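This report concerns only the one structure given below.
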Number of protein chains: 2
Amino acid sequence: MTTKMGRRRANLRDVAAAAGVSVATVSRVLNAPEAVTQETRTRVQAAIDELRFVPSAAARAINSGRTRIVGALIPTLDNAIFARFLDAVESQLAPYRLSLIVATTSDDPKQEAEKAQRLVDIGVEGLIVSGITHSDVLYRLIERTQLPAIATSYFDAGYRFPTIGYDNRAAAEIALRHLTELGHRDIAVIHGPKHNNDRTRARIAGLKDAGLPVRLSFHQSHLSLGGGSTAANRILSSGKHVSALLCLSDVLATGALFTLRCNGIEVPRSMSLMGIDDLPASTFSDPPLTTVRLPVREMGCEAGKALADWVEQQQVPQSQELWPELIVRQSTAGAAG
Amino acid sequence: MTTKMGRRRANLRDVAAAAGVSVATVSRVLNAPEAVTQETRTRVQAAIDELRFVPSAAARAINSGRTRIVGALIPTLDNAIFARFLDAVESQLAPYRLSLIVATTSDDPKQEAEKAQRLVDIGVEGLIVSGITHSDVLYRLIERTQLPAIATSYFDAGYRFPTIGYDNRAAAEIALRHLTELGHRDIAVIHGPKHNNDRTRARIAGLKDAGLPVRLSFHQSHLSLGGGSTAANRILSSGKHVSALLCLSDVLATGALFTLRCNGIEVPRSMSLMGIDDLPASTFSDPPLTTVRLPVREMGCEAGKALADWVEQQQVPQSQELWPELIVRQSTAGAAG
DNA sequence: TTGACACATGTAACCAGTTACATCAATGCT
DNA sequence: AGCATTGATGTAACTGGTTACATGTGTCAA
């Protein structure tokens, strides 16, 4: 009954005392068991078990100077696109024995800065952020801590830190080009909030600068199924002639599709519909959604690997461009007339 | 030019030396600025800025004995149901200044145990796991570390640690009852892998034990849209008479719906279809999906809060049952004949 | 003038590990 | 027998913060 009632967690010294060895020996049993005799090893192990000793992570970290934690700042988890991105990141981190802390920002720079600060306080060794528009607070933080940081969902070779992502302008342009090639000239664009969201802004800019022979009208809504649905409703009830709906995210398109169906508008016969993202669900909708595939999973993998290599081997990664790809399914067709 | 070229990160002592004060004073500037004269404070601050000093999280943790990190073990992030659960958890943790590490297990107990060990190594102060079936390794780990742990997605008041979740048997039974009340007698059940998944097993058991006047056939598939789709295909091509499809997850139902549509089978006229979960997308499908709502967001909030209170105030939470709820939409109708 | 007290600051012990180096015994080789 | 070498273990100095306690200075009242 050596178990002390003083409920302090046992530490190395306690174990050493209990086993009748020095702290160094206990430490060796933990980190280099082969350097210790079988006999003392078992004795120490017994003490460890009896005292329910669990080594302190903090004490280890202080010596190694490492926490083996990286952080990701994303707008939300409640959107398949970010969730699968993170899923990919996490899967790449595991082999490096790095762990991932997730912090959501709701696309709010202030929240982002706060949570970034907390991540730094925790001692993350690297950071993944979404997009390339961030508060000065965040920039200063990264600069002063010299923290490896990678921006994703956006490609910009000239950015202050490496970006791994795609060209949002191009993605939108690909979609629009597809619609114009089908003969659409009056297109309504449904997009999520522009405020604090450079991906959305870039996509809109890509549309405007594409120089294609179309009349575009823009309709902002929440980035959700409901948002897409109500935006489509607004468009329909406006009475303006439109032969195609271009949604800047698949969620919006799925929402819009619902409204179209409710109003008896056949897709693609009476209205073409496009998205951007290529969510798994887009293959299984009715009709299957024509969209522009954004390689989020690859992006997650690449970002995870790049950050891990940076953290582990001081290998500053190159910015890396991934390519959006037109996926023609059945929600688009030639414009009537 | 006091910046040393020796690229070691500056520490408290460096700052103290640079500012010509003691370490205690620097520490005070950081943690209790009001206890220091305005004048020395600015001097110290200048040194901090110049040396780009960032306090070591590990060193702080070693003193406070706290990491302010909790961990969550979930099967995958690439499924809306877990993603939104985590989104909710994270949102609750933020006000407590706790951070969340996410580890995915692919429903594999070995991976779960490994990742749990890593979480403990990192020094998490609490743990959230999915379901109530886990490897002994995990149990021993939790027992020896005395780590606050909460199991979710399952309610079992007698479990070894608190559960916050719903009765999966009941959820399935609710669904089945709805179908039988509509007169369905031949029902095909589509479910995800049973192996290592007690939620699925409980739902199946709930169906079998319901004692309702039906003939059930069971069809296992991947827990994905594609899985639901191919399972539905198998059912259709088997030629057996079935008037309703009961999917034990909404993803499966959405996949099955796709197949039904492809085969020109009208829902609900020729075939009723039900899911369990109530994903956001289920409201916007065609037809909108009748389902059993599982309160995942609430579950995330409650689990987050409960764990935070446990960690912060040693308040061991009660197990908490949340109630599944039948959501009748338009994918179910009376059985023909 | 002196004691009491507040206030700013410094000293050094502490947290819980790791690890360079020292010690010591046992073995091997000449 | 004597010396070098190997292997197991111990000692104590680190890591980078926090903090109890000590010190020193200045203000005020008796």
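Chain A is the first sequence line, chain B the second, and so forth, proteins listed ahead of strands; every chain is numbered from 1. Note that this is a predicted model, so its numbers are computed, not measured.
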Review point. Would you call B/V129 and B/T105 a side-chain contact if the rule is heavy atoms closer than 4.5 Å?
Key: no

**Study point:** Any donor-acceptor N/O pair, A/R9 side chain to A/V54 backbone, under 3.5 Å
**Key:** yes

**Study point:** For atom CG of B/L30 and atom P of D/dG16, their distance in whole Å
**Key:** 15 Å

Check your understanding: What integer distance in Å separates B/R43:CZ from C/dA8:P?
Key -> 14 Å

Review point. Under 6.0 Å from the CD atom of A/Q318, do we count more than 12 heavy atoms belonging to anything else shown?
Key: no

Exercise for review: Decide if atom CZ of A/R144 counts as having more than 12 heavy atoms of other residues, nucleotides or ligands within a radius under 6.0 Å.
Suggested key: yes

Between the side chains of [Y] and [X], is the shortest nitrogen-to-carboxylate-oxygen separation below 4.0 Å, so that they form an ion pair?
{"X": "B/D107", "Y": "B/R199", "result": "yes"}
{"X": "B/R66", "Y": "B/E312", "result": "yes"}
{"X": "B/R68", "Y": "A/D121", "result": "no"}
{"X": "B/E114", "Y": "B/R118", "result": "no"}

Close N or O pairs between protein and nucleotides 4-8 of chain D (under 3.5 Å):
from	atom 1	to	atom 2	distance (Å)
D/dA8	O3'	A/T37	OG1	2.8

Using atom names, set out every protein N or O paired with an N or O of nucleotides 19-27 of chain D below 3.5 Å, distance rounded to 0.1 Å.
none

Practice item. Can you sort out which residues in residues 58-70 of chain A have a heavy atom within less than 4.0 Å of DNA chain D? Ascending by number, please. Key: A/I62, A/N63

